Amino acid sequence: MSVKMQVFNSLTRRVEPLEPIAENTIRLYTCGPTVYNFAHIGNFRAYTFEDILRRVIQFNGMKVRQVMNLTDVDDKTIRGANAAGVALTDYTKTYKDAFFADLKTLNIQPAEVYPAATDHIPEMIALVEKLVEKGVAYKSDDGSVYFAVTKFPGYGKLAHIDFDHQRTGARCAADEYDKENVGDFALWKAWEESDGPVGWDSPWGRGRPGWHIECSAMSMKYLGATFDLHTGGIDNLFPHHENEIAQAEAATGKEFVKTWMHCAHLRVNGEKMSKSLGNFFTLRDLLDKGWTGREIRYVLVNAHYRQGLNFAFSALEDARKSLERIDRCVDALVARAKDEPAPEFAQKALDAFTAAVNDDLNIPKAFAALFDLVRETNASGTCSKAVLDVFQKMDTVLGVIFFGKAAKVEVPAEVQALLDARAAARAAKNWAESDRLRDEIAAAGWAVKDSKDGQSVTKK
Ligand code: AMP
Ligand code: ZN
């Protein structure tokens with residue numbers, strides 16, 4: 001069965017096939033974190049969505065070249081560094097490191113390139129210069145440079161907003177008087193007192209790049225003037241992505257990006273989870289409460305990416321139970337898998353899974369196919385290795401199955417101590433002590449099983 005991968009393109013507002021422009025490779029740019037604090041799980045909804053996206057692309061036999069920027073200079077990072085009295089690079093390093101550790105915890109595949117804004121100031125200056133040369137950008141009296149939105153006819157095409165009627169008289173409404181038009185946005189920001197030691201020399205004087213120019217400059221540097229796919233959270237669509245298009249296309253005269261995808265927000269009590277609203281949990285907050293990266297990943301990915309997802313602890317509890325169900329089935333298969341013919345239901349489940357992920361990343365439906373497979377596997381008592389292969393194939397997209405071995409990682413320390421004691425007792429052929437420890441482990445909620453490879457444990 002062959003079903004082509006289709007996704008919803010925010011630019012055309014249609015579900016369309018995703019086909020590489022060249023070299024069987026999807027060139028993908030994903031807006032990354034502003035490294036001034038720990039990322040919250042709302043941010044990780046965006047990053048897990050992008051992870052699922054890249055995994056589905058690979059599932060379909062295409063390659064991915066993903067670039068994710070690290071915004072390590074902006075108002076927030078500068079304010080944070082200056083308040084802490086440390087250099088900007090030292091301040092952001094803490095959060096960059098934390099970000100990469102969090103990606104690992106959530107089993108998010110690394111991007112191919114993580115360019116940091118501060119390493120690409122010359123590229124950004126060159127792009128701004130080009131825009132000034134082309135007459136679509138202008139310098140204001142204070143040494144900032146703005147993009148003139150009226151000079152780019154396509155402005156508004158991503159957000160599907162017609163800006164023409166808003167332009168007349170807009171100048172009077174602009175409360176930033178340096179701008180010629182209220183919609184104009186900064187490409188380069190002149191140095192201010194509050195920037196302290198942060199700043200770079202440019203043809204317009206000392207200053208720093210605007211946020212939008214960062215993404216246009218770095219995406220084109222690593223992916224070319226025209227590339228396949230660009231994503232972010234829905235809040236990035238306007239003005240950030242609209243401005244990226246304007247900057248890139250005004251500079252090159254070429255189409256910037258073929259397909260744009262945006263994920264809906266993670267909410268808390270109906271509101272966007274965000275730092276400014278103060279209603280956020282970082283990944284670390286949830287780990288401290290005893291939830292695992294795998295359980296959090298499960299909750300974040302198991303909703304359609306274009307639908308709002310309300311965060312609730314009950315969802316984490318459900319995730320724990322669902323994962324235990326998967327573990328029980330898969331671990332049993334791992335223990336007894338044999339070269340037996342594949343049962344018919346395995347291929348059926350894989351086909352349903354494939355159709356679901358290729359239908360604009362319908363992950364809830366994909367999980368339904370996986371649970372059909374769990375149910376039928378349990379009911380049939382099959383030992384076929386081919387069934388395990390299907391679980392493995394599905395997990396290349398989902399990234400939540402432990403396949404026996406890794407499940408041990410999540411055993412609490414006190415249970416692990418009992419297991420170690422039991423292994424020692426068995427090595428000493430002290431069967432009475434081994435049985436006593438088995439009961440103690442059972443009382444702690446874990447079932448221990450022995451095989452020729454030693455003991456393995458599952459949660460009861
Ligand atoms: P920021 O660090 O604020 O630039 O955000 C980084 C990424 O997280 C962007 O793609 C945002 O669109 C996304 N994002 C921020 N808050 C949420 C949220 N509550 N739900 C989903 N995505 C979010
Ligand atoms: Zn961006």
Side-chain angles (χ1 to χ4, degrees), residues 10 28-53 66-77 80 92 95-96 98-99 102-103 106 108 111 113-117 120 124 127 158-159 185 187 209-223 227 229-248 256-257 260-283 285 296-297 299-301 303-312:
S10 307
L28 164 65
Y29 188 86
T30 49
C31 288
T34 307
V35 281
Y36 75 109
N37 209 327
F38 298 109
H40 59 68
I41 55 161
N43 300 127
F44 284 111
R45 179 170 201 209
Y47 307 135
T48 50
F49 143 66
E50 288 152 354
D51 179 57
I52 290 283
L53 175 61
Q66 181 187 357
V67 177
M68 178 181 274
N69 65 301
L70 303 170
T71 301
D72 60 353
V73 55
D74 78 325
D75 293 345
K76 290 176 278 193
T77 43
T92 55
Y95 301 110
K96 281 183 194 171
F99 177 67
D102 288 354
L103 292 183
L106 288 173
I108 291 175
V113 192
Y114 288 103
H120 295 79
M124 296 177 210
L127 185 55
L158 178 64
F185 56 90
L187 300 168
W211 172 39
H212 313 301
I213 200 75
E214 171 191 329
C215 286
S216 294
M218 299 200 294
S219 61
M220 289 197 287
K221 169 166 180 171
Y222 292 101
L223 299 172
F227 58 92
L229 184 55
H230 193 317
T231 64
I234 192 75
D235 57 316
N236 282 165
L237 191 149
F238 189 85
H240 182 50
H241 291 164
E242 192 72 56
N243 293 352
E244 278 189 45
I245 295 176
Q247 295 163 151
F256 178 42
V257 174
W260 290 83
M261 291 174 73
H262 296 93
C263 73
H265 283 147
L266 182 71
R267 302 203 210 107
V268 184
N269 298 326
E271 281 185 305
K272 178 191 170 191
M273 180 176 284
S274 75
K275 296 259 164 61
S276 53
L277 291 172
N279 61 353
F280 66 93
F281 290 102
T282 64
L283 183 61
D285 291 336
I296 299 161
R297 176 182 173 90
V299 170
L300 292 177
V301 303
H304 195 274
Y305 75 93
R306 285 198 284 128
Q307 262 162 18
L309 170 59
N310 207 45
F311 176 74

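This structure is a prediction, so every number in the text was calculated from the model and none was measured. For ligands, and for the atoms within them, numbers begin at 1 and follow the listed sequence.
Within the 4.0 Å heavy-atom cutoff, His40 counts among the residues contacting ligand 1.
Where the criterion is an N or O separation shorter than 3.5 Å, residue side chain and backbone included, Asn43 meets it with respect to ligand 1. Ligand 1 has an N or O atom lying under 3.5 Å from an N or O atom of Gly42, backbone or side chain. Considering backbone and side-chain atoms together, Leu266 places an N or O closer than 3.5 Å to an N or O of ligand 1.
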Exercise for the section: In sequence, state the C-alpha distance, the side-chain angles, and the governing distance for Trp260 and Ile245, and then conclude on side chain to side chain contact (heavy atoms under 4.5 Å, CB included). Expected result: CA-CA 11 Å; Trp260 290 83; Ile245 295 176; 3.4 Å; yes
Practice task
Starting from the C-alpha separation in whole Å, work towards a yes-or-no answer on side chain to side chain contact (heavy atoms under 4.5 Å, CB included) for Lys96 and Tyr114.
Solution key: CA-CA 10 Å; Lys96 281 183 194 171; Tyr114 288 103; over 6 Å; no
Exercise for the section: Could you walk me through whether Met218 and Val67 pass the side chain to side chain contact (heavy atoms under 4.5 Å, CB included) test, one step at a time? Expected result: CA-CA 9 Å; Met218 299 200 294; Val67 177; 5.6 Å; no
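Residue contacts with ligand 1 for Lys275 are absent, since no atom lies close enough (heavy atoms, distance under 4.0 Å).
Across all non-hydrogen atoms, the minimal contact from Ala264 to Arg45 is O-NH1, 3.1 Å. When all heavy atoms are compared, the tightest approach of Leu158 to Glu242 is N-OE1, 3.2 Å.
In this structure, His40 has its ring center at least 6.0 angstrom away from the ring center of Phe311.
Near Ala264, meaning under 4.0 Å from any of its heavy atoms, are these atoms of ligand 1: 21 (C). For ligand 1 and Met273, the ligand atoms under 4.0 Å from any heavy atom of the residue are 16 (N), 18 (C), 19 (N). Every atom of ligand 1 is numbered from 1 in the order shown, and the set under 4.0 Å from a heavy atom of Asp235 is 11 (C), 12 (O).
Distance check: Glu50 CD to Gln66 CD gives 6.5 Å after rounding to the nearest 0.5 Å.
Listed by chain and residue number, Phe44, Phe99 satisfy the ring pair (Phe, Tyr, Trp, His ring centres under 6.0 Å) test with Tyr47 (two or more places apart in sequence, or in another chain). The ring pair (Phe, Tyr, Trp, His ring centres under 6.0 Å) check on His212 picks up Phe185, His240, with sequence neighbours excluded.
Counting protein heavy atoms only, atom 16 (N) of ligand 1 is closest to Lys272 CE, 3.4 Å. Looking at atom 4 (O) of ligand 1, its nearest protein heavy atom turns out to be Thr34 OG1, 3.7 Å. Remark: minimum distance from atom 6 (C) of ligand 1 to any protein heavy atom is reached at Tyr47 OH, 3.1 Å.
Within the set Cys31, Ala46, Gly232, the minimum heavy-atom distance to atom 13 (C) of ligand 1 is found for Ala46. Relative to atom 10 (O) of ligand 1, the option among Val268, Thr231, Asn236 with the closest non-hydrogen atom is Asn236.
Listed by chain and residue number, the protein N/O/S atoms under 2.8 Å of the Zn ion (ligand 2) are Cys31 SG, Cys215 SG, His240 NE2, with waters left out.
At least one donor-acceptor pair under 3.5 Å links the side chain of Ser216 to the backbone N or O of Glu244. A donor-acceptor pair under 3.5 Å is absent between the side-chain atoms of His265 and the main chain of Arg267, judged by distance alone.
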Pairs under 3.5 angstrom only: tabulate donor-acceptor contacts from the side chains of residues 275-283 to other protein residues two or more places apart or in another chain.
residue, atom, partner, partner atom, Å
Lys275, NZ, Phe38, O, 2.9
Ser276, OG, Ser274, OG, 3.3
Asn279, OD1, Ser274, N, 3.0
Asn279, ND2, Lys272, O, 3.1
Thr282, OG1, Arg284, N, 3.4
Thr282, OG1, Asp285, N, 3.0
Thr282, OG1, Asp285, OD1, 3.3
Thr282, OG1, Asp285, OD2, 3.3

